[in-house]
Amino acid sequence: MEALVVGAGIVGLNVALALREAGWAVTLVDPGNRRGLAVAMVNPVRGRRGSVVPEAGAALPLAAAVYGRFLPLHRGVWRPVEPELEPKWRRKLEGSAVAHVWREGGVWLPEAFWVEARALRSRLAAGLPRIRGRAVAWGPTCVRLSGGRVLRADRVVWAAGAEGAALAGAGGRFSAGSQLLVAERFPVARARGVYAAGPAIGGSYLPHTGRYAPHVTRHGEVVWMLARARELLGFTPRPTGVWAGVRWRTDGTYLFERNGGWAIGGFGSTAYLLAPLYARRLADRLGG
């Protein structure tokens with residue numbers, strides 16, 4: 001059985017891996033127009049109030065098992081917690097399956113981790129046939145590219161992310177944001193307001209919109225991230241580069257049937273955490 005996976009970001013690559021391991025011959029359809037996020041945080045506890053990602057108990061160990069086959073994981077995330085918020089954090093964490101240890105000033109998440117995202121995506125894609133092109137239409141067994149070429153397979157999976165969300169027809173919301181590359185390196189991740197992990201500070205999130213538009217980092221984002229980084233670290237890191245992108249989020253419906261086939265996505269900033277779990281669920285539904 002042959003499958004075309006439209007999209008070569010972290011979601012499409014997880015789908016390709018899951019299908020290949022289920023016995024499919026997989027080809028990626030890749031527009032090849034973005035470098036992608038440099039550092040990815042795989043962290044199940046989000047935001048200032050410590051919201052725990054649903055299904056984190058299943059998703060986090062699976063993500064670690066999958067990504068750990070391809071490169072080293074940098075485990076552990078330190079989350080400073082304001083004293084007035086600690087009771088809420090404690091209630092949320094104690095009711096979850098997320099490993100955590102309370103220490104003075106915050107909570108240590110020993111199973112959360114960060115990865116060199118570009119290296120990970122490169123290794124996930126190694127050995128996969130790839131067709132360069134921008135998909136403009138798709139069905140259960142065919143994809144049409146912008147130049148008119150039509151690709152065919154036994155099954156098509158649409159995993160084209162924020163840029164392709166309109167063709168997936170799943171609705172949702174879009175949040176532009178940026179990540180700074182810095183001269184310093186942070187082996188142990190820290191997060192509050194922004195995160196510091198590896199050679200990166202992230203990230204900014206602009207107000208949600210109802211449609212996709214390409215994003216270019218604004219000066220105000222850089223100023224904001226550096227100010228939050230100083231609060232977190234006690235000093236201002238030295239920027240060396242920037243990544244800009246758009247995150248697409250649906251309201252918890254990450255697998256959906258469209259055009260007689262399947263689409264997957266809408267994870268927002270939890271894509272690296274949740275994609276392995278949902279890719280395997282999709283592979284189970286498609287069978288071998």
Side-chain angles (χ1 to χ4, degrees), residues 1-37 62-63 66-67 69-70 117-118 120-172 174 212 214 245-250 253-268 271-272 274-288:
M1 298 284 283
E2 297 181 350
L4 291 170
V5 176
V6 182
I10 194 61
V11 177
L13 290 170
N14 268 288
V15 170
L17 177 65
L19 288 177
R20 184 169 56 180
E21 292 179 346
W24 292 76
V26 181
T27 298
L28 290 173
V29 181
D30 178 11
N33 57 353
R34 293 185 181 275
R35 289 193 69 200
L37 197 67
L62 179 59
V66 171
Y67 301 151
R69 291 159 45 191
F70 295 91
R118 289 172 183 164
L120 175 61
R121 293 192 301 271
S122 175
R123 294 179 189 183
L124 284 168
L128 282 172
R130 186 185 306 232
I131 296 172
R132 297 285 187 180
R134 180 172 174 269
V136 295
W138 66 292
T141 60
C142 66
V143 176
R144 181 163 57 85
L145 303 182
S146 57
R149 182 182 178 187
V150 176
L151 310 174
R152 300 188 183 279
D154 297 298
R155 178 66 66 179
V156 171
V157 176
W158 185 266
E163 192 169 353
L167 282 176
F174 301 85
Y212 171 82
V246 179
R247 297 167 177 89
W248 170 44
R249 176 172 292 281
T250 61
T253 304
Y254 306 129
L255 280 179
F256 36 91
E257 293 184 84
R258 286 291 185 277
N259 301 341
W262 284 94
I264 178 172
F267 299 104
Y272 279 79
L274 294 175
L277 178 64
Y278 278 84
R280 275 150 183 76
R281 288 179 179 172
L282 177 58
D284 289 343
R285 294 190 186 190
L286 294 180

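Across V29, L19, L13, a single residue satisfies side-chain contact (heavy atoms from CB on, under 4.5 Å) together with V5, and that is L19.
Between W158 and I264, the closest side-chain pair of non-hydrogen atoms is not below 4.5 Å. Looking at heavy atoms from C-beta onward, V66 lies in side-chain contact with L17 at the 4.5 angstrom threshold. With a 4.5 Å cut-off on side-chain heavy atoms, T27 and L128 do not count as touching. The side-chain heavy atoms of L282 and V157, taken from C-beta on, include a pair separated by under 4.5 Å. Side-chain contact check for R155 versus L286: some heavy-atom pair is nearer than 4.5 Å.
The heavy-atom pair separating G265 from T250 by the smallest distance is O-OG1, 4.1 Å. Taking both residues in full, the closest heavy atoms of I10 and A271 are given as CG2-CB, 3.9 Å, listed atom of the first, atom of the second, then distance.
When only modelled atom types and interatomic distance are considered, Y67 and N14 share a side-chain donor-acceptor pair under 3.5 Å.
Note that CZ of R249 and CZ of F174 are 12.5 Å apart. Values are rounded to the nearest 0.5 Å.
Every residue two or more places apart in sequence or in another chain that forms a side chain to side chain donor-acceptor pair (under 3.5 Å) with R69 is listed here: E21.
Ring centroid separation for the pair Y278 and F267 comes in under the 6.0 Å cut-off.
Using a 30° and 60° split on the angle between ring planes, W248 and F256 fall in the perpendicular class, above 60°.
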